[in-house]
Enquirer: 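Below is the structure I would like to discuss, written out as structure tokens.
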Amino acid sequence: MAISFKVRVPAGAELKIRVTGAYYDPVKITAPDTPPLNWWVRRPFVLDAVASTEVLRRERKRSPLTTTLVVVEPKIEPRIKPSVSIFSRAVPGEADPELRLVTLAVVDDAVGTGSGSAFFQVAFSATASEGLRIEPYPNVEQPDSDPEEESIALLYRHRRTFAIGHGCAATWEDSVGEDGTPTVPFVKADALPAYEVTSLTPDVYEEHSDGTRTSVSVSMEELANTTAAGDAQVERVLALYAQWIRDRTASIGDLPGRYQEAAREHVKKCTEALERMQEGWYLVQNTPLAARAFQLANFAMLYQQVRSRLEPRDLIKDKQGIYRPDGAHPAATPDPKGGRWRAFQIAFILASVPELVDPTHQKRTLVDLIFFPTGGGKTEAYLGASAISLLARRLRNPDDAGTDTLMRYTLRLLTAQQFLRASSLICVLEDVRSGKEDELGTAPFGIGVWLGGDSTPNRWAAAERALAELRRDSRASNRFLLLKCPWCGTRMGPVSKTRGQDTPGYVWSGGRFLFRCQDELCRFSGRDGLPIHVVDEDIYETRPSIVIGTVDKFATMAWQPAARTMFGLGEHGERVHSPPSPIVQSPAPWGRWWGSTNR
């Protein structure tokens, strides 16, 4: 393993090297009435070496360094130790003879093979001493670098590299010399590097001339009520972003020449994003379909937020043996401090509006990435855009009731919270639809969870068996997933008893499984139950508005002919409904991919 770095070597300067690691010696352990045991004893070592000015200025010659053992407990002379060498050469393009590129290598040249001749946990460091300075590693501009490399170079131009690793990583602690020149006191080789990512905030603030600042956000309630205040909040977001782009454009001339082309490309992409947002806002302001979908989606997202945050209410069995919720039916009242879009969320939604309301839009092939750590608001953003898509589809044609949104998760990264929030959104949309059947049709909105057979039942018969097993065996896996009503917060699912368990809220009726809330005051306590589907056959029959699945399940579509119904196809391949429009891909807690299909 080795690291390379740049140093300034004045007369009398030195580079101090320390190597740490260990090897293992085999030992045989014997004990009464026990067969002999083969153990390995760890033998740690610490070695020091010094590279003088003469060695560091030596031209293109590999120089072995003499190491000195640092005595540590136990005081045993190492049986084997690695060799240390240094290779120095002039810095390309630099005339100053004090500047050198140095490669420091630690090599396992112990005689023998096998574990007894190997070194473990090896690390080493090089520390500047006697006036030596470790300076930033030369940043060579590659003539054939691609646009992404140029973009990264621009974004991280203030982050200096002080060493590079060979077969390992190089690490250092940022520092600045007394004269302001970037320098670090030491560089280290690290076989398993770690980096603490700086905490990010999704919140944006507008700074004022008096030193104060205000949060930049948009009220869902104001947009749902189509007030002038809501319009002004959206236009403020767009105006601030436009001003930011103008400021970045004006600063391009101050950048070094190698970064200017990448900077212009960044500004171009920002301008294109702004134009998409402005187009979406224009449609909301001037076209009835977009305006209505946007209005209802904001209402739905406001109350999705309220209902998904309701505290769960436990179930209590009354004297008649019926489970009822503990406590009064909750009032779904928006929090005055909540119900607000962050700047990036409303920007993403506005940019998506043109493609969501116009199936023929030329930019439907674009894929957007929402990139924030967990808790930044990614789920809220794409649920808002999905709500617009579902509503616009029904407003165009109230009878177009097929699956509209597909959400794909990487294997088991689908979390209960995401499922519950999406279910709450569907419940609110269904409540809205039932009161506006002339606009949104008679077919209910619904959500389906499409997972492997170990997670949810594939067939009705499997669902019946899984429910019976769940009621019989308290150790059985719950393959129905839902544990709380997404509308009112009433708990549902397994409740332990002396033998087996009850499953309030899980209903088998008419050869079908459904969820039915135990709260008689709940909107979804009636015969039809909740619009949530977890059985594959149920999903194929009902074509839920949103289908959540894992990538491995989507990979089985070629062997599941019935899955065609989710794509709007009938038994003979004829077009029955429009195909899904938005596709959400969630690869990791940091990011969500968002794209639309061409119809």
Side-chain angles (χ1 to χ4, degrees), residues 200-205 215-224 230 233-234 237 273 277 280-281 284 293-310 332-353 356 368-392 404-409 413-429 432 445 447 484 486-487 489 545-546 548 581-596:
L200 300 177
T201 175
D203 298 316
V204 176
Y205 296 90
S215 176
V216 179
S217 62
V218 179
S219 168
M220 297 176 185
E221 187 169 17
E222 298 290 351
L223 294 180
Q233 291 168 6
V234 172
V237 171
M277 299 172 203
W281 184 234
V284 169
F294 189 75
Q295 177 192 9
L296 293 177
N298 275 279
F299 176 87
M301 287 302 299
L302 174 64
Y303 283 92
Q304 170 274 141
Q305 193 178 88
V306 173
R307 293 196 173 278
S308 64
R309 295 177 180 176
L310 291 175
T333 305
D335 182 353
K337 296 182 180 179
R340 303 193 72 83
W341 294 114
R342 288 165 168 157
F344 88 88
Q345 293 172 325
I346 193 65
F348 166 74
I349 290 171
L350 289 175
S352 302
V353 164
L356 295 176
D368 292 310
L369 171 65
I370 310 176
F371 190 80
F372 265 113
T374 298
K378 299 182 297 293
T379 301
E380 204 89 29
Y382 71 69
L383 283 181
S386 297
I388 292 175
S389 182
L390 267 64
L391 291 160
D404 179 82
T405 300
L406 298 177
M407 297 183 181
R408 299 190 307 175
Y409 287 79
L413 289 182
L414 168 62
T415 67
Q417 183 190 42
Q418 290 163 332
F419 171 45
L420 183 65
R421 289 169 70 179
S423 298
S424 294
L425 173 62
I426 285 296
C427 287
V428 176
L429 286 172
V432 171
F445 285 114
I447 184 171
K484 165 186 167 182
W487 179 260
S545 311
I546 296 177
I548 301 178
S581 178
I583 298 175
V584 181
Q585 169 70 40
S586 180
W590 279 84
R592 301 284 189 275
W593 296 100
W594 167 277
S596 297

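Keep in mind that this is a model prediction, so the values were computed, not measured.
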Enquirer: What is the distance from atom CD1 of Ile349 to atom CH2 of Trp281, rounded to the nearest 0.5 Å?
Expert: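 Separation between the atoms: 12.0 Å.
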Enquirer: Please step through side-chain contact (heavy atoms from CB on, under 4.5 Å) for the pair Ile447 and Leu425, ending with a clear verdict.
Expert: CA-CA 9 Å; Ile447 184 171; Leu425 173 62; over 6 Å; no
Enquirer: Partners of Arg342 by side-chain contact (heavy atoms from CB on, under 4.5 Å), sequence neighbours excluded?
Expert: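 Partners of Arg342 under the side-chain contact (heavy atoms from CB on, under 4.5 Å) test: Pro202, Asp203, Phe344, Gln345.
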Enquirer: Looking at side-chain heavy atoms only, is the closest gap between Asp404 and Pro582 below 4.5 Å?
Expert: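 Of all side-chain heavy-atom pairs linking Pro582 with Asp404, at least one is under 4.5 Å.
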Enquirer: Has the side chain of Gln233 got a donor or acceptor atom that lies under 3.5 Å from a matching backbone atom of Ser219?
Expert: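 The answer is yes, because a donor-acceptor pair under 3.5 Å joins these two groups.
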Enquirer: Between OG1 of Thr405 and CG of Leu390, what distance do you get to the nearest 0.5 Å?
Expert: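 Here the interatomic distance stands at 5.0 Å.
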Enquirer: If you look at every heavy atom in Ala332 and Tyr303, which pair is closest and at what distance?
Expert: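 Heavy atoms only, the tightest pair is O-CE2, 3.4 Å.
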Enquirer: Any chance you could lay out the side-chain contact (heavy atoms from CB on, under 4.5 Å) test for Arg340 and Ser215, step after step, and finish with the verdict?
Expert: CA-CA 11 Å; Arg340 303 193 72 83; Ser215 176; over 6 Å; no
Enquirer: At what distance, to the nearest 0.5 angstrom, does CD1 of Ile426 lie from CG of Leu383?
Expert: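 Reported value, rounded in 0.5 Å steps: 9.0 Å.
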Enquirer: Between CZ of Arg309 and CD of Gln304, what distance do you get to the nearest 0.5 Å?
Expert: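 Answer for the CZ-CD pair, Arg309 versus Gln304, is 8.0 Å.
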Enquirer: Taking all non-hydrogen atoms of both residues, which atom of Leu302 and which atom of Gly339 are closest, and how far apart?
Expert: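 Leu302 and Gly339 have their closest heavy atoms at CD1-CA, 3.8 Å.
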Enquirer: For Ala297 and Ile388, which heavy atoms make the closest approach, and how far apart are they?
Expert: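 Between these two residues, the closest heavy atoms are CB-CG1, 3.5 Å.
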Enquirer: Roughly how far apart are Trp341 CH2 and Ser217 OG, rounded to 0.5 Å?
Expert: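 It is 12.0 Å, given to the nearest 0.5 Å.
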Enquirer: Roughly how far, to the nearest 0.5 Å, is the CD atom of Glu380 from the CD1 atom of Ile346?
Expert: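 Taking CD1 in Ile346 and CD in Glu380, the distance rounds to 11.5 Å.
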Enquirer: If you take all heavy atoms of Asp368 and Ser352, which pair is closest and at what distance?
Expert: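 Closest heavy-atom pair between Asp368 and Ser352: OD2-OG, 4.4 Å.
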Enquirer: Any chance you could lay out the side-chain contact (heavy atoms from CB on, under 4.5 Å) test for Phe445 and Ile546, step after step, and finish with the verdict?
Expert: CA-CA 8 Å; Phe445 285 114; Ile546 296 177; over 6 Å; no
Enquirer: Where is the tightest heavy-atom contact between Ala343 and Val237, given as atom of each residue plus distance?
Expert: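 Result for this residue pair: O-CG1, 4.3 Å.
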Enquirer: Please tell me if the side chains of Met220 and Pro334 come closer than 4.5 Å, counting only heavy atoms from C-beta onward.
Expert: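 Answer no - side chains too far apart.
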Enquirer: Taking all heavy atoms of Ile583 and all of Arg408, pick out the closest pair and write down the distance.
Expert: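 In this case the closest contact between Ile583 and Arg408 is CG2-NE, 4.3 Å.
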